[in-house]
There are 2 protein chains.
Amino acid sequence: MLIGELAAQAGMTKDTIRFYEKLGLVTGRRLPNGYRDFPPETVAWLLYVRTAQTLGFSLAEIARLGEELRDAPDSAAALSELFAEKIALIDARMAELAALRADLDARVGTGCPLRADRPAD
Amino acid sequence: MLIGELAAQAGMTKDTIRFYEKLGLVTGRRLPNGYRDFPPETVAWLLYVRTAQTLGFSLAEIARLGEELRDAPDSAAALSELFAEKIALIDARMAELAALRADLDARVGTGCPLRADRPAD
DNA sequence: CTAAAGGGTGGAGTAGGGTCCAAGGTCAAG
DNA sequence: CTTGACCTTGGACCCTACTCCACCCTTTAG
């Protein structure tokens with residue numbers, strides 16, 4: 001799969017993919033003419049990257065995860081550990097969100113805004 | 001409260017607070033000598049800013065929320081609407097996280113990594 | 001043969017979010 | 001009156017994540 005098709009399917013620009021390649025987030029073979037050639041699963045991976053990113057993981061973190069996956073291809077245990085780690089992180093974020101939600105929820109209807117940045121005028 | 005104390009209590013540097021002031025995220029009075037003077041509630045506001053930020057809201061979004069709060073100080077209805085909006089956003093993010101979590105969870109133990117960025121070698 | 005559509009490179013520029021000076025004013029203690 | 005801990009400003013600089021650009025090569029269609 002050439003970069004253009006990958007970009008179209010993953011919903012990002014070619015530039016972004018080349019940028020991700022520099023970061024080691026994706027790796028492609030090269031065809032004899034120098035063109036990048038990506039396996040079809042890269043689409044799923046890029047979609048995963050986008051998701052992880054919107055959830056607050058930096059590209060560096062995501063790349064690290066990817067590398068760790070590549071480095072421990074056989075060890076299901078190691079993978080489980082990695083995922084468990086990420087899941088714990090997600091749970092923590094969800095708890096934070098829940099707390100913020102509860103906070104906002106409590107304020108709804110009370111008429112008590114967060115006007116904390118005004119001097120008491 | 002002077003900027004140094006505020007910074008210490010909010011767990012950020014003075015530079016960051018001055019930067020936030022430029023963005024309109026915090027506003028302080030000035031003392032006759034030119035020093036910034038913040039009301040004590042600013043600490044809570046800054047902690048709130050940090051939380052919202054780690055949850056994926058940009059400083060611009062947070063500032064907008066703050067402004068809207070200031071612009072509609074009396075209308076509990078308007079406030080409720082704003083909060084309801086943020087809550088909806090939070091719910092959406094939580095759903096995304098839950099989905100990612102389920103995704104990772106399903107992979108744990110299956111030994112099926114995300115090795116989508118490798119050419120099939 | 002040429003044009004269009006795809007690809008490649010390096011490097012500059014942007015926006016967001018800080019972080020770090022350097023030069024200088026203010027104020028309380030000794 | 002000096003020292004030290006505060007504060008002020010402006011501007012340079014850094015990182016992240018892109019985005020755009022100019023310039024050049026490759027492949028296919030007419």
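Below, read A as the first sequence line, B as the second, and so on, with proteins coming before strands; counting in each chain starts at 1.
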Rounded to the Å, how far apart are [X] [atom1] and [N] [atom2]?
X       : N      : atom1 : atom2 : result
A:Arg64 : D:dT16 : CZ    : C1'   : 14 Å
B:Leu23 : C:dG16 : CG    : P     : 9 Å
A:Leu46 : D:dA17 : CG    : C1'   : 15 Å
B:Leu31 : C:dC27 : CG    : C1'   : 13 Å
A:Met12 : D:dC18 : CE    : P     : 8 Å
B:Ile17 : C:dT19 : CD1   : P     : 12 Å
A:Phe19 : C:dG10 : CZ    : P     : 15 Å

Identify all pairs in which a protein N or O lies below 3.5 Å from an N or O of nucleotides 4-7 of chain D, and state each distance.
{"unit_1": "D:dC6", "atom_1": "O2", "unit_2": "B:Tyr35", "atom_2": "OH", "d": "3.0"}
{"unit_1": "D:dC7", "atom_1": "OP1", "unit_2": "B:Gly4", "atom_2": "N", "d": "2.7"}
{"unit_1": "D:dC7", "atom_1": "OP2", "unit_2": "B:Lys14", "atom_2": "NZ", "d": "3.0"}

Going from [atom1] on [X] to [atom2] on [Y], what distance comes out if it is rounded to the nearest 0.5 angstrom?
X       : Y       : atom1 : atom2 : answer
A:Arg36 : A:Arg30 : CZ    : CZ    : 4.0 Å
A:Met1  : A:Glu41 : CE    : CD    : 9.0 Å
B:Leu6  : B:Ile17 : CG    : CD1   : 4.0 Å

For this session: Hey, which sits more toward the 5' end of DNA chain C by its nearest nucleotide, B:Asp15 or B:Leu59?
Result: B:Leu59
For this session: State, yes or no, whether a side-chain contact exists between B:Tyr20 and B:Thr42 at a heavy-atom distance under 4.5 Å.
Result: no
Exercise. The side chain of B:Arg30 lies closest to which of these nucleotides: D:dC18, C:dG17, D:dT9?
Worked result: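 Nucleotide nearest to B:Arg30's side chain: D:dT9.
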Exercise. So, is B:Thr16 close to the C:dT19 phosphate, meaning a side-chain N or O under 4.0 Å from OP1 or OP2?
Worked result: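 Answer yes for this pair, as a side-chain N or O of B:Thr16 is under 4.0 Å from OP1 or OP2.
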Exercise. Hey, does the side chain of B:Tyr20 come within less than 4.0 Å of C:dG18's phosphate (OP1/OP2), counting only N and O?
Worked result: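 Affirmative; the distance criterion is met.
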Exercise. Do you know which two heavy atoms are closest between A:Leu25 and A:Trp45, and how far apart they sit?
Worked result: O-NE1, 2.7 Å
Exercise. Between A:Ala63 and A:Leu23, which heavy-atom pair has the shortest distance, and what is it?
Worked result: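 Closest pair (atom of A:Ala63, atom of A:Leu23, distance): CB-O, 4.2 Å.
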For this session: For B:Asn33, answer base if it contacts any base atom (sugar-phosphate contacts may also be present), sugar-phosphate if it contacts only those atoms, and nothing otherwise; contact means non-hydrogen atoms under 4.0 Å.
Result: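 Sugar-phosphate: the residue B:Asn33, judged by heavy atoms under 4.0 Å, touches backbone atoms but no base.
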For this session: Rounding to 10 degrees, work out the angle separating the end axes of the helix from C:dC1-D:dG30 to C:dG30-D:dC1 (five pairs an end).
Result: 20°
